[in-house]
Amino acid sequence: MEFNNPAGNNLFDKAKVVGQPIRRLEGPLKVTGRAAYAYERHDVASGQVYGYPVGSAIAKGRITGIDTSAAEAAPGVIGIVTTLEHDPIEGVFDYDPVRHFGGNEVLHYHQAIAVVVAETFEQARAAANLLKVDYARDEGANFTLSSTPEAAGETDPDPAQSTGDFDAAFASAAVTLDETYTTPAESHSMMEPHATIAAWDGDRVTLWTSNQMIEWGRQSFAKAFGVPADNVRVDCPYLGGGFGAKLFVRSDAVLAGLAARKVGRPVKVTLPRPMIANNTTHRGETIQRIRLAADAQGRLTAIGHHNATNALTEAGGEDATLPTVAFYAAANRQVVNAPAHMNLPNSNAMRAPGETAGLMAFEIAMDEMAAKCGMDPVAFRIANDTQVDPGNPDVPFSDRHFVECLERGAAAFGWSNRNTAPGATRDGAWLIGHGVAGAYRPAPVMTSGARVALTPDGRLRVESDMTDIGTGSYTVMGQTAAEVLGLPFEAVSVELGDSAYPVSAGSGGQWGAASATAGVYAACVALREAIAERLGVQEGDLTFEDGMVRHGNTSTPLGEVGGGEEIVGEDSIEFGSFRSDDALVATFGAHFVEVGVHAYTGEIRVRRMLAVADSGRILNPMTARSQMIGAMTMGVGGALMEELAVDERYGFFVNHDLAGYEVPVHLDIPEQEVIFLETTDPYSTPLKAKGVGELGLCGVAAALANAVTNATGVRVRDYPVTLDKIIDGLPSA
Ligand code: MOS
């Protein structure tokens with residue numbers, strides 16, 4: 001099915017199942033431990049053995065030798081694969097410039113250099129410690145972002161946006177701001193680590209793994225193992241989170257596949273938690289210079305944004321300028337992303353890549369600028385809304401309700417009651433503050449397919465290689481199928497994550513739900529056509545309702561149409577270029593946070609959070625809310641805790657486990673509310689839905705940082721906002 005024009009009125013406008021707060025289809029399996037994650041799939045292949053990975057102990061240099069003799073002689077050891085026995089194995093995609101394994105060159109710390117296979121996990125781990133690796137260590141280049149020419153603004157990359165005359169507008173403006181903000185490197189820290197079981201059958205391989213993008217994975221494995229993609233099966237029905245860490249294949253899967261081929265048995269490999277931060281990817285650190293100019297009425301006339309970030313190669317980096325090009329009005333704009341080549345582990349997509357770090361900085365700058373203009377931060381943002389692409393005013397936003405997000409949120413949060421004087425509200429020993437920030441993220445889509453089968457018992461089975469990373473894909477795809485075939489939700493089953501099924505959008509970039517449900521819709525329309533053909537009528541003459549198909553005065557139970565056989569429909573949704581040529585399709589939100597800052601210790605506590613989201617049709621308000629509050633929780637992590645500390649002498653992330661890398665827990669978040677605007681975006685998909693998962697994170701940290709400033713009068717421009725950065729400036733008691 002081609003989606004080449006904005007959606008008109010359709011069945012989703014009078015939906016009975018889509019839009020309902022239906023509980024997660026796989027929820028009972030999850031909470032009873034029966035939804036097995038990759039490493040736990042003991043039943044998929046017999047004779048599984050354990051591979052334990054070894055990471056490089058240097059950040060840059062060469063391996064001159066690996067002595068495996070002691071490890072080979074250790075109890076239970078079956079085989080060892082070292083990097084020296086393979087040519088370098090690279091990733092498939094330009095935007096994932098990774099070296100999985102192979103060769104003697106070390107590009108970054110904890111790069112995989114060997115895997116030791118043994119009968120038990122403990123034997124494999126013990127033997128891995130017996131490998132003797134000789135290195136020739138190089139000094140490495142640029143472990144410190146702040147000392148790079150990119151951070152100093154001394155390089156001259158092509159601007160992402162250059163509109164009007166920034167310098168002239170900035171020089172002549174009534175009000176200006178010129179500040180630098182920093183965000184640290186961060187680690188995805190999803191609950192389930194990277195893990196894979198690999199088994200070969202001749203030259204065919206199956207990988208039971210944890211991956212957000214099944215088809216990307218299949219292509220990558222084929223290249224890594226040197227076999228045709230048709231020989232690779234990837235299966236991942238459940239993921240315990242991904243956050244971008246599992247968009248691409250990582251070394252667990254490559255090591256499992258190579259080791260399984262070498263030892264002739266199924267091999268399972270998980271990356272130990274302390275290896276993940278340096279072996280895989282992370283969110284890159286950023287240093288962002290933001291310049292804003294406004295007229296005397298508080299309307300922005302110029303926006304400048306320069307972002308420096310680390311990248312192992314030319315690609316990658318955290319492009320914090322992504323939202324800047326489109327979020328707010330201003331005629332004169334100069335936006336530049338400058339990735340610095342460094343020998344740190346490569347950075348790549350993590351939790352709303354670009355927007356997260358960008359809005360952490362930009363939405364503080366907006367707060368500071370509002371103060372300089374003498375305006376309320378909500379009113380200042382409203383005054384600088386745009387309904388068109390500011391860099392290309394002929395292109396409108398397809399459906400943008402940012403102002404309404406701010407207004408609804410301000411009313412629901414009680415914004416007008418806040419004390420605008422910083423550091424002036426006390427609740428016992430706690431200084432109280434309130435902050436706001438805007439949220440913006442594009443609403444991309446991807447081609448997505450599905451197969452639906454109507455079975456003789458009147459049930460519907462949906463099959464797709466779509467993944468569910470904990471977001472609710474099973475549920476919203478099942479709701480869509482039920483809607484289109486006029487069945488109750490209970491009559492639908494959904495099977496996901498297997499490369500044997502039609503290729504879907506996968507989970508990433510908040511495109512998953514919108515794209516995958518549109519793909520299910522396409523497949524269901526194909527099924528309705530197949531049903532019409534069986535009945536010898538036109539599809540348009542049929543009504544699907546209450547488990548029956550009606551035409552004229554005849555009603556047939558759906559299960560009887562096939563005469564004892566399955567009827568199958570399969571199709572993909574293809575999104576036409578009108579979606580990007582004629583409009584900007586994006587999602588919008590506003591975050592409001594109340595914090596308490598301890599007046600004597602500077603301890604920062606979230607007291608309540610509110611998000612308002614404009615994301616088109618909400619497919620399931622329960623799963624959408626869960627995505628939002630999960631994302632808001634990540635925002636608290638980014639604001640207050642998360643930071644990969646770089647050892648700037650040797651080039652690695654020091655706090656590479658969950659003891660030293662802190663993320664929020666339930667006790668950190670007392671109250672979260674979410675309001676969804678009831679919008680529909682006909683430019684997005686036939687369901688008029690967009691994503692919420694990443695929107696929910698965008699801007700959160702800045703709302704918190706702004707609340708801390710309101711509470712204390714101290715402005716922190718260097719994340720995370722920790723007590724040591726505010727304690728000296730706290731108001732005296
Ligand atoms: Mo997302 S960071 O595109 O999984």
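Being a predicted model, the structure only gives us computed values, none of them experimental. For ligands, and for the atoms within them, numbers begin at 1 and follow the listed sequence.
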Any nitrogen or oxygen of [X], side chain or backbone, less than 3.5 Å from one on ligand 1?
X	value
Gly509	yes
Gly244	yes
Ser507	no

Considering the heavy atoms of [X], write down every atom of ligand 1 situated less than 4.0 Å from one of them.
X	answer
Leu247	3 (O), 4 (O)
Ala349	2 (S)
Met350	2 (S)
Phe243	2 (S), 4 (O)

Heavy-atom nearest neighbour in the protein, as seen from atom 2 (S) of ligand 1, with distance rounded to 0.1 Å: Arg351 N, 3.1 Å
For atom 4 (O) of ligand 1, the protein heavy atom that lies nearest, with its residue and separation: Gln212 NE2, 2.8 Å
Test of ring centre spacing under 6.0 Å for His282 and Phe653: yes
Distance flag, aromatic centroids of Phe397 and Phe588, threshold under 6.0 Å: yes
Polar contact flag, side-chain donor to acceptor under 3.5 angstrom, Thr209-Thr196: yes
Distance-only side-chain donor-acceptor flag, Tyr501 / Glu495, under 3.5 Å: yes
Contacts of Asp582 that satisfy side-chain contact (heavy atoms from CB on, under 4.5 Å) - sequence neighbours left out: Phe578, Tyr683
Sequence-distant partners of Ser580, side-chain contact (heavy atoms from CB on, under 4.5 Å), two or more places apart: none
Structural part of Glu694 in contact with ligand 1, heavy atom criterion under 4.0 angstrom: side chain
Carboxylate-amine/guanidinium proximity below 4.0 Å for Arg250 and Asp96: yes
